[in-house]
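The structure appears below as structure tokens.
Quick note: residue numbers are just sequence positions, from 1.
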Amino acid sequence: MSFFKKFFNDVIRKTDPDDDTVKVKGKPKPKYYGTVAPYPNFSASQDAATLQSAIDSKGVDEDVIIAVLVKRSNEQRQKIKVVYEASTGKRLDKALKSVLRSDLEDISLALLMDSIHFDAYLLRKATKGFGTHEDILVEILATRSNQEIREIKKVFKEEYETELEEVIRDETSGDFTSALLAMLKANKDESKEVDTNQARKDAEILFEAGENTRGINVSAFIDILTTRNALQLAKTFQHYATVSDVTLPKALDMELKGDIEDCLIDIVKCSWNKPAFFAEKLHLAMKGYGTCDDTLIRVLVSRSEVDLKKIVQEYSAMYDTSLQEDILKDTKGHYEAILLRLCGPH
């Protein structure tokens with residue numbers, strides 16, 4: 001767990017939440033930290049015709065396809081899909097699937113999904129077939145808003161004709177199931193209010209539930225970590241250090257094992273600094289022999305209109321190299337090009 005000492009003390013910077021707003025016409029609005037923005041001179045019919053030409057051309061013009069997909073927002077891509085099907089009689093995703101291959105095909109199809117359908121697809125993929133990808137389940141449920149989780153559950157039921165909760169119960173077990181179901185309730189506090197007395201009380205509850213008892217009361221950890229807002233949890237972690245000789249992540253490592261340990265530690269990471277959590281995911285995807293392209297695609301696509309700028313910044317701070325440089329080392333061709341464009345200017 002030496003990583004956590006670095007994660008919490010040496011690298012991760014807690015930013016002032018006020019830094020995340022700008023004034024527009026005198027009213028505060030959230031700053032935009034995505035790397036993909038709406039194209040200013042957008043024409044769905046023109047883009048649909050351009051893509052049709054690139055798809056039908058001899059040899060397929062991947063450069064044109066990449067340029068259109070990456071320079072349009074997700075909302076604009078949805079409009080292109082509608083116009084493309086109306087004008088050609090074919091679905092754009094199927095047309096691209098017929099001419100693209102491998103990782104370029106996967107990321108192009110991911111970019112064509114709206115964010116909620118993409119998340120539902122990822123959750124289904126993570127629970128279908130041999131083995132369950134527990135880390136992906138936690139990643140999505142711990143980093144989406146209450147409204148997004150409610151929409152994901154609705155789309156999941158529509159697309160796969162089963163409740164997401166039932167799939168989770170079938171594919172996972174024990175305390176890990178309880179933690180996932182708690183996140184699926186979508187009742188996390190999303191305010192930026194901090195109650196110091198509550199943080200002190202929660203820190204004591206966590207201490208009593210973990211280090212100061214035989215065994216561990218996992219339900220107490222699940223309840224607090226899945227319902228408090230990020231700033232409230234950060235204050236709780238600070239108070240925890242005053243009642244314990246070890247950090248909360250270290251305590252979790254000492255008391256828990258397996259999926260539930262990884263799950264709760266990931267929730268702690270997300271609450272402390274979400275962009276750093278994703279930066280670590282990307283780093284591990286390219287570290288050592290081989291590359292986990294599924295992770296690169298999942299993170300870059302899902303965060304491209306949320307906080308990818310921050311993730312790129314955290315990556316550089318944490319690993320003394322840029323995300324783009326590591327992508328250049330680990331990928332190639334048109335797939336490399338589309339990943340780099342998603343990351344923004346370098």
Side-chain angles (χ1 to χ4, degrees), residues 31-42 47 50-51 54-55 57 59-78 80 92-93 96-97 99-115 118-119 121-122 136 139 143 274-346:
K31 284 185 182 178
Y32 184 67
Y33 289 103
T35 55
V36 175
Y39 190 65
N41 300 311
F42 175 66
D47 286 343
T50 299
L51 285 172
I55 291 168
S57 67
V60 186
D61 196 334
E62 289 94 344
D63 292 322
V64 170
I65 293 172
I66 291 170
V68 172
L69 294 181
V70 175
K71 290 182 179 179
R72 307 303 186 267
S73 68
N74 190 279
E75 183 180 354
Q76 290 174 334
R77 291 184 212 118
Q78 303 314 308
I80 295 170
L92 179 55
D93 55 350
L96 289 176
K97 191 176 179 65
V99 296
L100 301 179
R101 296 291 177 268
S102 192
D103 299 320
L104 180 60
E105 174 192 338
D106 292 339
I107 194 168
S108 297
L109 296 180
L111 286 166
L112 284 182
M113 294 186 201
D114 68 70
S115 60
F118 186 46
D119 281 343
Y121 163 77
L122 291 171
I136 297 175
E139 175 190 316
T143 60
K274 196 181 293 182
F277 167 76
F278 282 112
E280 184 201 12
K281 287 265 182 181
L282 292 168
H283 176 70
L284 294 176
M286 295 183 284
K287 185 181 179 182
Y289 181 76
T291 304
C292 184
D293 295 296
D294 283 349
T295 298
L296 293 183
I297 293 170
R298 185 178 71 252
V299 174
L300 294 185
V301 170
S302 67
R303 309 311 293 184
S304 62
E305 294 183 46
V306 183
D307 57 0
L308 190 49
K309 280 184 183 176
K310 284 187 173 183
I311 294 169
V312 171
Q313 291 169 359
E314 293 293 348
Y315 195 99
S316 296
M318 293 169 72
Y319 303 111
D320 297 322
T321 186
S322 72
L323 174 58
Q324 291 92 330
E325 286 169 352
D326 280 347
I327 288 173
L328 282 167
K329 292 175 186 174
D330 269 56
T331 62
K332 59 184 179 180
H334 289 101
Y335 173 56
E336 174 189 278
I338 199 168
L339 291 175
L340 291 174
R341 290 202 184 190
L342 280 175
C343 291
H346 176 42

Mind listing the closest non-hydrogen atom pair of [X] and [Y] along with its distance?
{"X": "Ala279", "Y": "Met318", "value": "CB-SD, 4.0 Å"}
{"X": "Ser108", "Y": "Ile338", "value": "OG-CD1, 4.3 Å"}
{"X": "Arg298", "Y": "Ile136", "value": "NH1-CD1, 3.6 Å"}
{"X": "Arg77", "Y": "Val36", "value": "NH2-CG1, 3.9 Å"}
{"X": "Ala317", "Y": "Asp320", "value": "O-OD1, 4.3 Å"}
{"X": "Asn74", "Y": "Glu305", "value": "N-OE2, 2.7 Å"}

Say you draw a straight line from [atom1] of [X] to [atom2] of [Y]; how long is it, rounded to the nearest 0.5 Å?
{"X": "Tyr121", "Y": "Asp114", "atom1": "OH", "atom2": "CG", "answer": "14.0 Å"}
{"X": "Ile297", "Y": "Ser302", "atom1": "CD1", "atom2": "OG", "answer": "11.5 Å"}
{"X": "Lys281", "Y": "Thr143", "atom1": "NZ", "atom2": "OG1", "answer": "9.0 Å"}
{"X": "Met286", "Y": "Leu284", "atom1": "CE", "atom2": "CG", "answer": "9.5 Å"}
{"X": "Ile311", "Y": "Phe277", "atom1": "CD1", "atom2": "CZ", "answer": "10.0 Å"}
{"X": "Glu336", "Y": "Arg341", "atom1": "CD", "atom2": "CZ", "answer": "12.0 Å"}

Side-chain contact test, heavy atoms from C-beta onward, threshold under 4.5 Å: evaluate it for [X] versus [Y] and give yes or no.
{"X": "Pro275", "Y": "Gln313", "result": "no"}
{"X": "Asp103", "Y": "Leu339", "result": "no"}
{"X": "Phe118", "Y": "Leu122", "result": "yes"}

Ring of Tyr33, cation from Lys310 - is the NZ or CZ under 6.0 Å from the centre and inside 45° of the axis?
yes
Can you name the one residue among Leu308, Ile107, Asp106 that meets side-chain contact (heavy atoms from CB on, under 4.5 Å) with Val301?
Ile107
Thr50, Leu96, Leu100 screened by side-chain contact (heavy atoms from CB on, under 4.5 Å) with Ile55, the one that passes:
Leu96
If only atom types and distance count, is the side chain of [X] paired as donor or acceptor with the main-chain N or O of [Y] below 3.5 Å?
{"X": "Thr331", "Y": "Leu328", "answer": "no"}
{"X": "Gln78", "Y": "Leu112", "answer": "yes"}
{"X": "Thr35", "Y": "Leu342", "answer": "yes"}
{"X": "Gln76", "Y": "Ser73", "answer": "yes"}

Dump the intermediate steps for side chain to side chain contact (heavy atoms under 4.5 Å, CB included) on Lys309 and Glu314, then the final yes or no.
CA-CA 9 Å; Lys309 280 184 183 176; Glu314 293 293 348; over 6 Å; no
Show every side-chain hydrogen bond (donor to acceptor under 3.5 Å, both in side chains) that has at least one partner inside residues 284-294, sequence neighbours left out.
Thr291-Asp330, Asp293-Tyr335
Would you please test Leu300 and Leu111 for side chain to side chain contact (heavy atoms under 4.5 Å, CB included) and show each step?
CA-CA 10 Å; Leu300 294 185; Leu111 286 166; over 6 Å; no
Mind running side chain to side chain contact (heavy atoms under 4.5 Å, CB included) on Leu323 and Ser316 for me, showing each step along the way?
CA-CA 7 Å; Leu323 174 58; Ser316 296; over 6 Å; no
What do you reckon, is CZ of Phe42 surrounded by more than 12 foreign heavy atoms closer than 6.0 Å?
yes
Crowded around Glu75 CD? As in, over 12 foreign heavy atoms under 6.0 Å?
no
Quick one: do Glu280 and Tyr315 satisfy side chain to side chain contact (heavy atoms under 4.5 Å, CB included)? Show the steps, please.
CA-CA 7 Å; Glu280 184 201 12; Tyr315 195 99; over 6 Å; no
Of all residues at least two apart in sequence or in a different chain, which pass the side chain to side chain contact (heavy atoms under 4.5 Å, CB included) check with Lys329?
Asp326
Is the shortest side-chain N to carboxylate O distance from Asp47 to Arg72 below 4.0 Å?
yes
